There are 2 protein chains.
Amino acid sequence: MPRPSLPEAPERARGQRDPEATQRALLAAATAEFAEKGLAGARVDEIARRAGVNKQLVYHHFGNKEALYRAALEQVYSGIRAEERALHLADLPPEAALERLVGFSFDYLLDHPEFVALLNDENRQGAPHLRDADGLQAMHSPLVDLLRETLRRGGEAGVFRADLDPVQVYISIAALSYFYFSNNRTLSAIFGRELGAARDVAARRRHVIDFTLRALRP
Amino acid sequence: MPRPSLPEAPERARGQRDPEATQRALLAAATAEFAEKGLAGARVDEIARRAGVNKQLVYHHFGNKEALYRAALEQVYSGIRAEERALHLADLPPEAALERLVGFSFDYLLDHPEFVALLNDENRQGAPHLRDADGLQAMHSPLVDLLRETLRRGGEAGVFRADLDPVQVYISIAALSYFYFSNNRTLSAIFGRELGAARDVAARRRHVIDFTLRALRP
DNA sequence: ATCAACCAACCAAATGGTTGGATAGCATCG
DNA sequence: CGATGCTATCCAACCATTTGGTTGGTTGAT
């Protein structure tokens, strides 16, 4: 049985209510709109249209445009955190664990361009919405702890340097993948090469893993 | 004799004209405004106010808001390209040359936050303005050629791997510095540590150089 | 050398489409 | 029936762009 509605639109029998589905639809529409156009460029009318609901429901359920933006930000953040927590690296030998960690960082950004776009916009503004987000404490990525432990194990086993700062390494791992996606279009323009093509993406993935592992060797 | 005017405002004796100074002032004001608020968030009124000229001059000299944005983008790009061309690496041994190259990339972004901010905004939009910029051909960074040559020399001397792709290495070098600055606020929030402080910036600079040089070793 | 024509630089105010948000009322659920 | 989800309609503020000019420098014919 095919669903004719937009993917984001809540399915609602005539005259029925489903506030949770409405909020989900609004959040999904908002995430897409804010990712495409940023906070300033996004239009509340368009978000409501995409969600298939009346514009006033934005104000009813979220308060105002900026609060909706904050909700979208928090949601994409909690999305990546959830997947990060599902990574189990303790079972793997240090080098394999690190390869999985780096690969995960790369793959997640590849699969979630809206995360990159939203974070880009938020950072250009100076991250004012993330600063006073509720779950800021819980936002600290579990990856840093996983990384710290992996580096420690690798240091003991003699496959990694022993004097590594996990925070610096974490930032570098994130950087090598994030920059490739966030600046993909300008890089493609500069190099006259379509870096978004599957072939180039795969080559970049290999390079990032290789580059990182080599940098960590003793 | 102190000048009471804003730094961006053209000095103009009463009733005098100076179209070039006006355009410079508008470009400077536009760069700052677009960097702070993005294309969508920037206000033409505010740009004119910052430049100390009448709003209509934006239209007289540049055509419209988007053309002014493009001009600002092209200007910041030509700024970094100019400094890149001033780098002479051929005289240095490969490792020293690479250290200088990486250090330059880092320092330039540190000193030019408006470059990072503008590029962030342009990329989130999908880089439509850079795509049809006039000097696209001339935009190809001379750094890639410098890097290619440096890697070749290092490969022959046995201090670098011989199978390195200069484009991938260039992207990685740019990434390690760019991401730190572009995402500085969210990283600071996540780690609860002020990564913009001079101490942290210096530590990052050392890390980036070290990380890169180690990754390139045979 | 003078001056009238011309045009770029400049300005204040108007325009009109857009947009975030408000108001008022209807519908449905518990 | 009271509270909450929801819709239609409205509106004041905002904002990019246009209009309709004035002003000052330059040019070329006299």
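Bear in mind that the values here come from a model prediction, so they are computed numbers and not experimental data. So that the names make sense, note that chain A is the first sequence line, chain B the second, and so on, each numbered from 1.
The side chain of Thr22(B) contributes an N or O atom lying less than 4.0 Å from OP1 or OP2 of dC10(C).
Checking Asn183(B) against Tyr178(B) by side-chain atom types alone, no donor-acceptor pair falls below 3.5 Å.
Judged purely by atom type and a 3.5 angstrom limit, Gln125(A) has no side-chain atom pairing as donor or acceptor with the backbone of Ala127(A). With hydrogens and angles ignored, the 3.5 Å screen pairs a side-chain donor or acceptor of Asn123(B) with a backbone N or O of Thr186(A).
The distance between atom NE2 of His60(B) and atom P of dG21(D), rounded to the nearest whole Å, is 18 Å. As rounded to whole Å, 10 Å separates atom P of dC10(C) from atom CG of Asn54(B). One atom, CD1 of Ile47(A), and another, P of dT19(C), lie 12 Å apart when rounded to the nearest Å.
Within the structure, every pair that satisfies the salt bridge (charged side-chain N to carboxylate O under 4.0 Å, His left out) test and touches residues 32-42 of chain B, not counting sequence neighbours, is listed here: Glu33(B)-Lys37(B), Glu33(B)-Arg50(B), Glu36(B)-Arg50(B).
Taking the six-membered ring for Trp and thresholds of 30 and 60 degrees, Phe211(B) and His207(B) have ring planes inclined between 30 and 60 degrees apart. Aromatic ring pairs are classed by plane angle as parallel below 30°, tilted from 30° to 60° and perpendicular above 60°; the pair Tyr108(A) and Phe104(A) is tilted.
Using a 4.0 Å heavy-atom distance criterion, His61(A) is classed as a sugar-phosphate-only contact.
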Its contact letters, B for base, S for sugar-phosphate only and - for none at protein heavy atoms under 4.0 Å, make nucleotides 10-20 of chain D read -----SBBBB-
